[in-house]
Amino acid sequence: MDKYEAVIKLLMDAVKSESGSDELTIPVGVSNRHVHLSQEDLDTLFGKGYELTNMKELSQPGQYACKEMVTVCGPKGAIEKVRILGPVRKQTQVEILAADCFKLGRNTTPKMSGELAGTPGITLVGPKGTVETKEGLIIAQRHIHMSPSDALKFGVHDGETVKIETEGIRGGIFNNVAIRVTETSALECHLDTEEANAMGLSGTSKITIVK
């Protein structure tokens with residue numbers, strides 16, 4: 001780098017710093033298919049009174065990946081070793097990738113976590129039993145977790161949908177990214193592995209909200 005290029009770089013860094021653009025990036029969390037279980041279904045799959053084993057804390061406070069896994073079965077096929085995430089919930093929820101619909105033979109659409117009314121059911125097989133849910137099979141809608149102070153900084157509100165932009169050779173823009181604001185949320189944009197792979201993203205990547 002010659003002296004002229006060095007000066008230009010310093011000027012660009014100064015402008016970037018003054019604009020606060022570094023502070024307005026959001027870390028990416030990449031999510032694979034997984035299962036959230038109710039206590040009733042956990043008992044059926046693993047035995048009465050079974051407790052999940054915390055294997056790894058996740059970025060969102062109180063959430064963790066479990067040692068336990070189940071097999072997800074549809075009319076046409078099955079996917080083995082699908083990770084359970086804890087803690088237990090009021091209702092079982094199974095989050096798959098879009099391509100999994102073909103393997104399972106069960107169609108579903110992107111939904112926000114917990115919005116399970118009208119979604120299809122699925123069969124789960126564990127070491128002690130089988131559960132056939134009446135609903136709860138979804139593809140997770142891409143979303144951003146943030147606290148109220150984060151929402152104020154980014155100028156967004158809970159339930160809003162925004163566009164996000166990524167850099168890099170496969171970078172681009174994703175539409176319809178939901179904002180989820182709670183007091184306990186840690187700032188992170190959640191994409192599934194298909195979405196992340198499409199734009200060359202990983203757990204070390206960052207995105208920005210497009211205004």
Side-chain angles (χ1 to χ4, degrees), residues 26-38 41 45 58-60 63-66 68-126 131-146 158-166 170-182 185 188-203 205 207 209-210:
I26 299 171
V28 171
V30 181
S31 178
N32 201 350
R33 64 182 73 87
H34 59 271
V35 175
H36 301 278
L37 290 176
S38 68
D41 289 344
L45 294 168
L58 301 178
S59 59
Q60 297 306 306
Q63 305 293 307
Y64 53 90
C66 302
E68 292 80 11
M69 293 181 282
V70 294
T71 299
V72 179
C73 300
K76 292 185 178 180
I79 302 174
E80 299 180 338
K81 297 182 179 180
V82 179
R83 184 76 58 190
I84 297 172
L85 301 188
V88 294
R89 295 190 174 187
K90 292 182 179 180
Q91 185 175 358
T92 292
Q93 176 175 300
V94 181
E95 299 183 28
I96 62 172
L97 307 176
D100 293 339
C101 293
F102 297 99
K103 183 169 185 177
L104 295 172
R106 183 77 77 197
N107 290 325
T108 189
T109 56
K111 292 281 188 179
M112 293 303 297
S113 180
E115 297 179 356
L116 306 182
T119 59
I122 198 71
T123 300
L124 302 176
V125 179
V131 168
E132 294 185 11
T133 69
K134 295 181 179 180
E135 59 185 14
L137 181 69
I138 66 170
I139 299 167
Q141 181 179 346
R142 45 185 175 255
H143 57 278
I144 302 173
H145 289 285
M146 58 176 63
D158 185 49
E160 181 179 357
T161 57
V162 299
K163 296 180 181 180
I164 62 171
E165 184 174 17
T166 69
R170 302 187 74 182
I173 292 176
F174 274 133
N175 297 322
N176 303 316
V177 183
I179 301 295
R180 304 197 69 179
V181 181
T182 68
S185 290
E188 190 171 55
C189 176
H190 282 188
L191 304 173
D192 68 29
T193 54
E194 290 177 332
E195 294 168 327
N197 289 342
M199 290 197 180
L201 301 175
S202 69
S205 302
I207 58 92
I209 294 176
V210 179

State the SG-CG distance between C73 and L104, to the nearest 0.5 angstrom.
8.0 Å
Not counting sequence neighbours, which residues clear side-chain contact (heavy atoms from CB on, under 4.5 Å) with V30? List them please.
V28, T193, A196
Could you tell me whether the side chain of L97 reaches within less than 4.5 Å of the side chain of N32, counting heavy atoms only?
yes
Which residue pairs pass the salt bridge (Lys or Arg N to Asp or Glu O under 4.0 Å) test with at least one member in residues 99-112, sequence neighbours excluded?
R33-D100
Taking side chain as C-beta onward, heavy atoms only, is L45 less than 4.5 Å from I84?
no
Which residues pass the side-chain hydrogen bond (donor to acceptor under 3.5 Å, both in side chains) test with T166, sequence neighbours left out?
none
Go through the steps for L124 and L37 under the test side chain to side chain contact (heavy atoms under 4.5 Å, CB included), then give the verdict.
CA-CA 10 Å; L124 302 176; L37 290 176; 3.8 Å; yes
Under the ring-ring contact (aromatic ring centres under 6.0 Å, His included) rule, collect the residues that match up with H34, sequence neighbours excluded.
H36
Could you state the interatomic distance from CZ (R170) to CE (M199), rounded to the nearest 0.5 Å?
9.5 Å
Applying side-chain contact (heavy atoms from CB on, under 4.5 Å), name anything that partners S113, two or more places apart in sequence or on another chain.
R89, Q93, E95, R180
How far does OG1 of T109 sit from CD1 of I139, to the nearest 0.5 angstrom?
7.0 Å
Expected output: side-chain T119 to main-chain E135 donor-acceptor under 3.5 Å:
no
With sequence neighbours left out, write down each residue that passes side-chain hydrogen bond (donor to acceptor under 3.5 Å, both in side chains) with E68, or none if nothing qualifies.
Y50, T53
Please name all residues satisfying side-chain hydrogen bond (donor to acceptor under 3.5 Å, both in side chains) with Q63, sequence neighbours left out, ordered by chain then number.
none
Please enumerate all residues that pass side-chain contact (heavy atoms from CB on, under 4.5 Å) together with A198, with sequence neighbours excluded.
none
Measure across H190 and S59 and return the closest heavy-atom pair with its distance rounded to 0.1 Å.
NE2-OG, 4.1 Å
E165 versus K163: any side-chain heavy-atom pair under 4.5 Å?
no
Nearest heavy-atom contact between K81 and M69 is O-SD, 3.5 Å
With rounding to the nearest 0.5 Å, note down the distance linking CD1 in I207 to CD1 in I26.
4.0 Å
Side chains of F174 and L191: closer than 4.5 Å at any heavy-atom pair?
yes
Residue among L116, I96, T92 satisfying side chain to side chain contact (heavy atoms under 4.5 Å, CB included) with L137:
I96
Output for pair (S31 OG, E188 CD), nearest 0.5 Å, gives 9.5 Å
Those residues at least two apart in sequence (or on a different chain) that pass side-chain contact (heavy atoms from CB on, under 4.5 Å) with K76 are none
R142 side-chain N/O to D192 backbone N/O, donor-acceptor pair under 3.5 Å:
no
When rounded to the nearest 0.5 angstrom, what is the spacing between CG in L201 and CD1 in I164?
7.5 Å
Sorted by chain and residue number, the side-chain hydrogen bond (donor to acceptor under 3.5 Å, both in side chains) partners of Q141 (sequence neighbours excluded) come out as none
Check whether any side-chain heavy atom of I144 lies under 4.5 Å from a side-chain heavy atom of I209, and answer yes or no.
yes
